[in-house]
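What follows is a short report on a single structure.
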Amino acid sequence: LVMAGAEEGATLLAVNGTLMRGLELNKNLLTAKAIFVEEITTSADYRLWSINDRHPGMLRVRDSTGCTVALEVWSVPDKGLIRVLQNEPPGLSIGNVTLSDGRSVLGVLAEPYLTMGQREITEFGGWRAYIKSPAFGNINGNAHSLVLNPSPHCLPCPLYVDSKPYRWPYDGSLQPHNTCLIIIDMQVDFCGYGGYVDRMGYDVSATRSPIEPLQRVLESFRKRGFFVIHTREGHRRDMSDLPLNKVWRSEQIGAGIGSKGPAGRVLTRGEGGWDIIPELKPIDGEPIIDKPGKGCFYSTDLDMLLRKRGIRNIVFGGVTTDVCVHTTMRDANDMGYECLLLTDGTNATDRGNHEAALKMVTMQGGVFGALASADDVVATLES
């Protein structure tokens, strides 16, 4: 069968274990109205482990020690994809998988820590062949030994940022396929002259201070192939998505949302003030999330974008620390993302608010995540 592209509104997903036809979790794909496309193998760049004989864990290796692994490719409707991923066992995520014919699709991969102390089953060529073999269910048997120290070629070294109150991420799994940078609301309205913040009477030098640190982090992320997302706060031009209390409050301080100013209509989509500042302009391939509120998850598709890419670690920068950045970080933490806030890659209109927002993150051992400077993050990536 020659694989066609995914149906409109669907994503091609390569599965290597219990999501395959006839196996335990295949019902999750069927419930999501996924369509089977084909059987195929990976390129010879992968190795496979059995995780307590309950499901496999596949890793890409860094040199010629890899083998091919049997896969099934499914076309999964976008609406059902998140539900499928949420039902996957802990430690599995989504990343790019190279097929034997050179094509690349999204596929189920294991976090490196998951394979520690587990049996390597690469020699079987796939999960289905392994569970049909006498070795399955015989972890203590002599036929195949338990791999207590997996090949160093298959396990990336743990990588941590020197952050507070703990080293980030908590498990050292910091890789381009599972980590992204989100730059929040670095718009003319928030950090440009004549914009919303300037018209309210605040000193825009505070909200412009993250620019240089963010440029350094952004360069490092781009150079190493990490995913980058930008966000903008703004409302429809007819203000139909603008709450009455929000516009009333803005009018009391002299910068009514939707009113005309030096940078165009305040916080209005399509206006000059709504756009991202040129110093941090997105490049091709970097999505922009347009949001009507403070949090980046509210009324947006941000969670879908992150889960489809297999992102589990998020580095946050932008403005303002105490409002949009903090709101988004708190939501992300509750949704299970591992969060890091850049201390100098964020700021607020009031220094006290910025410092209070940073302190809140460190309470209770890192209640919302961790803190680090731009230098700390860049140094880690360069190491």
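What's counted below: heavy atoms across the whole structure, side chains too, no hydrogens, waters or symmetry copies.
- A distance of 11.0 Å separates CG of Asp45 from OG of Ser100, quoted to the nearest 0.5 Å.
- Residue pairs meeting the salt bridge (Lys or Arg N to Asp or Glu O under 4.0 Å) criterion with at least one partner in residues 350-367, sequence neighbours excluded, are Arg351-Glu355.
- To the nearest 0.5 Å, atoms CZ (Arg309) and CD1 (Ile229) are separated by 8.5 Å.
- Asp241 pairs by the side-chain contact (heavy atoms from CB on, under 4.5 Å) definition with His235, Arg236, Arg269, Pro292, not counting sequence neighbours.
- For residues 358-383, the ring pair (Phe, Tyr, Trp, His ring centres under 6.0 Å) pairs, not counting sequence neighbours, are His326-Phe368.
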The test is side-chain contact (heavy atoms from CB on, under 4.5 Å); show your working for Leu92 and Leu109 and say whether it passes. CA-CA 6 Å; Leu92 298 181; Leu109 295 167; over 6 Å; no
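- The main-chain N or O of Val204 is found under 3.5 Å from a side-chain atom of Thr207 such that the two form a donor-acceptor pair.
- A salt bridge does not link Arg21 with Glu38: every distance from a Lys NZ or Arg NE/NH1/NH2 to an Asp or Glu carboxylate oxygen is 4.0 Å or more.
- Using modelled atom types, one finds a donor on one side chain and an acceptor on the other under 3.5 Å when comparing Ser205 with Asp203.
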Begin with the C-alpha distance, continue with both residues' side-chain angles, and end with the deciding distance and a verdict on side-chain hydrogen bond (donor to acceptor under 3.5 Å, both in side chains) for Ser220 and Arg224. CA-CA 6 Å; Ser220 187; Arg224 291 166 178 82; 2.9 Å; yes
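- Taking CE of Met304 as the start and CG of Leu306 as the end, the distance is 11.0 Å to the nearest 0.5 Å.
- The backbone N or O of Val108 lies less than 3.5 Å from a partner atom in the side chain of Asn16, making a donor-acceptor pair.
- No donor-acceptor contact under 3.5 angstrom links the side chains of Asp275 and Gln187, judged on distance only.
- Every salt bridge (Lys or Arg N to Asp or Glu O under 4.0 Å) that Asp303 has, sequence neighbours left out, goes to Arg307.
- Applying the salt bridge (Lys or Arg N to Asp or Glu O under 4.0 Å) rule to Asp162 yields no partners; only residues at least two apart in sequence or on another chain are considered.
- With sequence neighbours excluded, the residues forming a salt bridge (Lys or Arg N to Asp or Glu O under 4.0 Å) with Arg237 are Glu271, listed by chain and number.
- For Ala332, the side-chain contact (heavy atoms from CB on, under 4.5 Å) test picks out Phe297, Ile314, Phe316, Tyr337, Cys339, with sequence neighbours left out.
- In terms of modelled atom types and a separation under 3.5 Å, the side chain of Asn353 and the main chain of Ala348 share no donor-acceptor contact.
- Formation of a donor-acceptor pair under 3.5 Å by the Arg199 side chain with backbone atoms of Gly195 is not found in this model.
- Without hydrogens or angle criteria, Thr327 side chain to Val325 main chain gives no donor-acceptor distance under 3.5 Å.
- Taking hydrophobic clusters as Ile, Leu, Val, Met, Phe, Trp and Tyr residues chained together by side-chain heavy-atom distances below 4.5 Å, Leu29 shares a cluster with Met20.
- For the residue pair Thr98/Arg60, the side-chain donor-acceptor check at 3.5 Å is satisfied.
- Put simply, CD1 on Ile289 and OG1 on Thr300 are 5.0 Å apart, with the number rounded to the nearest 0.5 Å.
- Screening residues 317-334 for salt bridge (Lys or Arg N to Asp or Glu O under 4.0 Å), with sequence neighbours left out, gives no hits.
- Each of Leu19, Val15, Val84 was checked for a side chain to side chain contact (heavy atoms under 4.5 Å, CB included) with Trp74, and the lone residue meeting it is Val15.
- Residues Ser373 and Asp344 have side chains that never bring a donor and an acceptor to within less than 3.5 angstrom of each other.
- Residues that satisfy the side chain to side chain donor-acceptor pair (under 3.5 Å) test with Asp185, not counting sequence neighbours, are Thr231, Lys291.
- In this structure, the side chain of Thr31 does not engage the main chain of Asn28 through any donor-acceptor pair within 3.5 Å.
- At least one side-chain heavy atom of Phe227 sits under 4.5 Å from a side-chain heavy atom of Ile311.
- Under a 3.5 Å cut-off, the side chain of Thr320 and the backbone N or O of Asn347 do not form any donor-acceptor pair.
- In this structure, Thr68 contributes its side chain and Thr42 its backbone to no donor-acceptor pair below 3.5 Å.
- Checked by atom type, the side-chain pair Arg119/Tyr130 shows a donor-acceptor distance below 3.5 Å.
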What's the verdict on side-chain contact (heavy atoms from CB on, under 4.5 Å) for Glu279 and Glu212, showing C-alpha distance, side-chain angles and the deciding distance? CA-CA 9 Å; Glu279 295 92 330; Glu212 191 277 332; over 6 Å; no
Under the criterion side-chain contact (heavy atoms from CB on, under 4.5 Å), I'd like the reasoning laid out for Val247 against Met239: C-alpha separation, chi angles, the key distance, then a yes or no. CA-CA 9 Å; Val247 67; Met239 299 292 129; over 6 Å; no
Could you go step by step and tell me if Glu88 and Leu25 meet the side-chain contact (heavy atoms from CB on, under 4.5 Å) rule? CA-CA 8 Å; Glu88 280 289 88; Leu25 296 183; 3.9 Å; yes
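- Expressed to the nearest 0.5 Å, how far CD1 of Ile121 lies from CZ of Phe136 amounts to 9.5 Å.
- Applying the salt bridge (Lys or Arg N to Asp or Glu O under 4.0 Å) test to residues at least two apart or on different chains, the pairs with a partner in residues 362-383 are Arg216-Asp375.
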Report the C-alpha separation of Ser50 and Asp53 in whole Å, then their side-chain angles, then the decisive distance to 0.1 Å, and conclude whether the side-chain hydrogen bond (donor to acceptor under 3.5 Å, both in side chains) test is met. CA-CA 5 Å; Ser50 171; Asp53 270 4; 2.6 Å; yes
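- More than 12 heavy-atom neighbours from other residues, nucleotides or ligands sit within 6.0 angstrom of OH on Tyr166.
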What's the verdict on salt bridge (Lys or Arg N to Asp or Glu O under 4.0 Å) for Arg47 and Glu123, showing C-alpha distance, side-chain angles and the deciding distance? CA-CA 9 Å; Arg47 300 190 76 85; Glu123 62 187 283; over 6 Å; no
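- With sequence neighbours left out, the side-chain contact (heavy atoms from CB on, under 4.5 Å) criterion links Arg222 to Leu218, His230, Ile283, Glu286.
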Using the side-chain hydrogen bond (donor to acceptor under 3.5 Å, both in side chains) rule, take Thr18 and Glu24 through it: C-alpha gap first, then chi angles, then the decisive distance, then the call. CA-CA 5 Å; Thr18 54; Glu24 179 183 0; 5.5 Å; no
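- Every residue meeting the side-chain contact (heavy atoms from CB on, under 4.5 Å) condition with Val315, not counting sequence neighbours, appears here in chain and number order: Trp168, Leu181, Phe221, Leu340, Leu342.
- Counting heavy atoms from C-beta outward, Ile257 and Arg265 have side chains that stay 4.5 Å or more apart.
- Remark: Thr328 OG1 to Ile184 CD1 distance equals 4.0 Å, nearest 0.5 Å.
- In this structure, the side chain of Asn178 does not engage the main chain of Leu174 through any donor-acceptor pair within 3.5 Å.
- Side-chain atoms of Ser163 never come within 3.5 Å of backbone atoms of Ala370 as a donor-acceptor pair (strictly under, hydrogens ignored).
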